[in-house]
Amino acid sequence: MLLVLNVNNTNTVIAIYPLHNDGHAGELRATWRISTRHAQTADEYGILVQSLLQSKGVESSAVTGIVVASVVPPMDWILRVFCERYFHHKPLFIEPGVKTGLPILTDNPSEVGADRVANCVGAFHKYGGPCIVVDFGTATNFDVISKKGEFLGGAIAPGLNISAEALFARAARLPRVEIKKPAKIIGTNTVDNLQIGLFYGHIGLVDSILERMIAKLGEETKCVATGGLAHLIADESKYISEVNDRLTLDGLRLIYERNRAMKGAANANEHASHS
């Protein structure tokens with residue numbers, strides 16, 4: 001089994017794929033979404049992940065590969081310890097020097113988050129280019145892929161939940177409301193007003209940025225959404241044509257396969273040179 005961990009500021013997504021002898025993974029077997037707790041220890045992670053795997057009949061010994069995308073640097077050491085202690089494998093972290101197959105044409109390629117790299121790898125593999133991935137998470141990320149499969153750059157906006165929390169924190173008389181599609185566009189009470197502003201305000205932000213990016217890339221550009229709030233927002237967007245919940249996970253799987261294939265080829269060459 002291949003264990004995949006996508007660690008973001010708010011949530012951590014865990015997934016498993018069957019891993020074949022040729023280094024390729026099969027279809028997604030199971031996924032779980034848990035809260036990211038910065039104070040969680042390696043042992044707590046180990047116990048939790050083992051119990052999740054066992055709920056699907058998977059023993060720890062079945063895990064023969066691990067790939068991790070983390071945008072929470074203080075947790076990286078804990079994640080490495082947890083992987084080696086409970087699964088006896090060194091995890092492949094998405095970081096500079098790892099073969100991704102994605103040329104990054106930004107000013108500082110090392111600044112690009114691991115989850116954004118995985119999104120682009122997964123999106124280009126499935127949809128080709130040009131393509132824009134909108135990831136609705138703690139922040140709303142826009143990742144732009146060229147026709148040739150290069151990461152051109154993108155944009156980062158405050159996520160919908162962050163915007164809501166900022167509003168509630170700074171306006172004492174405004175109540176906390178559920179973020180959902182409003183039943184009407186002209187609010188007749190405070191709750192209506194807040195839901196309309198938050199929901200349609202974020203859609204306006206997303207479509208305004210996408211409109212300008214598409215004008216630069218060309219009308220054939222495909223816009224794909226992923227992330228926790230993707231289904232809520234994407235249905236109302238003029239430009240997003242598909243929601244793919246597995247995009248980041250599939251990108252991580254592809255990166256793992258490419259690095260395993262490269263390592264296998266290097267080992268074969270080394271063996272041949274000593275024969």
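Sequential numbering from 1 along the given sequence is applied to the chain's residues. As the structure is a computational prediction, the values presented were derived from the model and not from experiment.
The shortest non-hydrogen separation linking Val67 to Ile94 is CG2-CD1, 3.8 Å. Taking all atoms of both residues into account, the shortest heavy-atom contact from Ala118 to Ile255 is CA-CD1, 4.3 Å. In terms of heavy-atom proximity, Gly227 sits nearest to Asp135 at CA-OD1, 3.5 Å. Between Gly149 and Leu102, the shortest heavy-atom distance links the atoms O-CD1, 3.3 Å. Across every non-hydrogen atom of Glu236 and Ile203, the tightest pair is CB-CD1, 3.2 Å. The minimum heavy-atom distance linking Phe142 with Leu210 is given by the pair CD2-CD2, 4.0 Å.
One distance of note links CD of Glu178 with CG of Leu198; it measures 12.0 Å at 0.5 Å rounding. From Ser51, atom OG reaches atom CD1 of Ile47 across 8.5 Å, with rounding to the nearest 0.5 Å. Arg29 CZ to Tyr17 OH: the interatomic distance, rounded to the nearest 0.5 Å, is 13.5 Å. Note that CE of Met1 and CG of Leu53 are 9.0 Å apart. Values are rounded to the nearest 0.5 Å. Separation of atoms CD1 (Ile214) and CD (Glu219) is listed at 7.0 Å; rounding is to 0.5 Å. Atom CZ of residue Arg170 and atom CD of residue Glu165 lie 14.0 Å apart, to the nearest 0.5 angstrom.
Between Phe82 and Val49, some side-chain heavy-atom pair lies under the 4.5 Å cut-off. For the pair Lys90/Glu84, a side-chain contact is recorded, criterion being any heavy-atom separation below 4.5 Å from C-beta on. Annotation: side chain of Lys147 is not in contact with side chain of Phe124 (no heavy-atom distance under 4.5 Å). With contacts defined as side-chain heavy-atom distances shorter than 4.5 Å, the pair Leu19/Arg260 qualifies. Asn244 has its side chain within reach of Lys126: a pair of non-hydrogen atoms, C-beta onward, lies under 4.5 Å apart. Counting heavy atoms from C-beta on, the side chains of His38 and Pro74 never come closer than 4.5 Å. Side-chain contact between Glu257 and Leu2 is absent, with no heavy-atom pair separated by less than 4.5 Å. Ile66 has its side chain out of reach of Tyr256: every pair of non-hydrogen atoms, C-beta onward, lies at least 4.5 Å apart.
Placement of Val134 and Ile156 in two distinct hydrophobic clusters is found when ILVMFWY residues are connected by side-chain heavy-atom separations under 4.5 Å, directly or transitively. In the hydrophobic clustering of ILVMFWY residues, with side-chain heavy atoms under 4.5 Å counting as a link, Val72 and Tyr45 come out together. Leu52 and Val13 fall into different hydrophobic clusters, defined by Ile, Leu, Val, Met, Phe, Trp and Tyr side-chain heavy atoms under 4.5 Å apart, directly or through other members. Tyr239 and Leu247 fall into different hydrophobic clusters, where Ile, Leu, Val, Met, Phe, Trp and Tyr are joined by side-chain heavy atoms under 4.5 Å apart, directly or via other members. Note on Val7 and Ile16: same hydrophobic cluster, where clusters join Ile, Leu, Val, Met, Phe, Trp and Tyr whose side-chain heavy atoms are under 4.5 Å apart, directly or indirectly.
Looking only at distances, no side-chain donor or acceptor of Ser208 sits under 3.5 Å from a matching main-chain atom of Leu205. Although no hydrogens or angles enter the test, the distance criterion places no donor-acceptor pair under 3.5 Å between the side chain of Thr140 and the main chain of Ala157. The closest donor-acceptor contact from the side chain of Gln195 to the backbone of Lys180 lies at 3.5 Å or more, if one exists at all. Not one N or O on the side chain of Ser60 forms a donor-acceptor pair closer than 3.5 Å with the backbone of Phe87. Using a distance-only test at 3.5 Å, with no hydrogens or angles considered, no donor-acceptor pair links the side chain of Ser35 to the main chain of Arg37. Although no hydrogens or angles enter the test, the distance criterion places a donor-acceptor pair under 3.5 Å between the side chain of Asn259 and the main chain of Lys99.
Shown here is Ile185, whose CD1 atom has more than 12 heavy atoms of other residues, nucleotides or ligands within 6.0 Å. No more than 12 heavy-atom neighbours from other residues, nucleotides or ligands sit within 6.0 angstrom of NZ on Lys216.
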>> Test side chain to side chain contact (heavy atoms under 4.5 Å, CB included) on Lys56 and Trp32; report intermediate values, then the result.
In response: CA-CA 11 Å; Lys56 295 294 182 181; Trp32 301 271; 3.5 Å; yes
>> Test side chain to side chain contact (heavy atoms under 4.5 Å, CB included) on His89 and Leu3; report intermediate values, then the result.
In response: CA-CA 11 Å; His89 289 286; Leu3 177 65; over 6 Å; no
>> Run the side chain to side chain contact (heavy atoms under 4.5 Å, CB included) test on Leu28 and Arg246 for me, step by step, so that the C-alpha distance in whole Å, both residues' side-chain angles and the decisive distance to 0.1 Å come before the verdict.
In response: CA-CA 9 Å; Leu28 182 68; Arg246 293 170 37 177; 3.6 Å; yes
>> Between Ile132 and Ile209, does the side chain to side chain contact (heavy atoms under 4.5 Å, CB included) criterion hold? Intermediate values first, please.
In response: CA-CA 11 Å; Ile132 303 170; Ile209 292 175; over 6 Å; no
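Side-chain contact check for Thr248 and Asn119: at least one donor-acceptor pair (N or O, by modelled atom type) lies under 3.5 Å.
Tested against Ile145 for a side chain to side chain contact (heavy atoms under 4.5 Å, CB included), the candidates Val133, Leu217, Val224 yield a single pass: Val133. In summary, of the residues considered (Ile162, Asn161, Leu160, Asn11), a side chain to side chain contact (heavy atoms under 4.5 Å, CB included) with Thr138 occurs for Ile162 alone. Results of the side chain to side chain contact (heavy atoms under 4.5 Å, CB included) test with Phe151 over Thr100, Leu105, Asp143, Val144 single out Asp143 as the only residue that passes.
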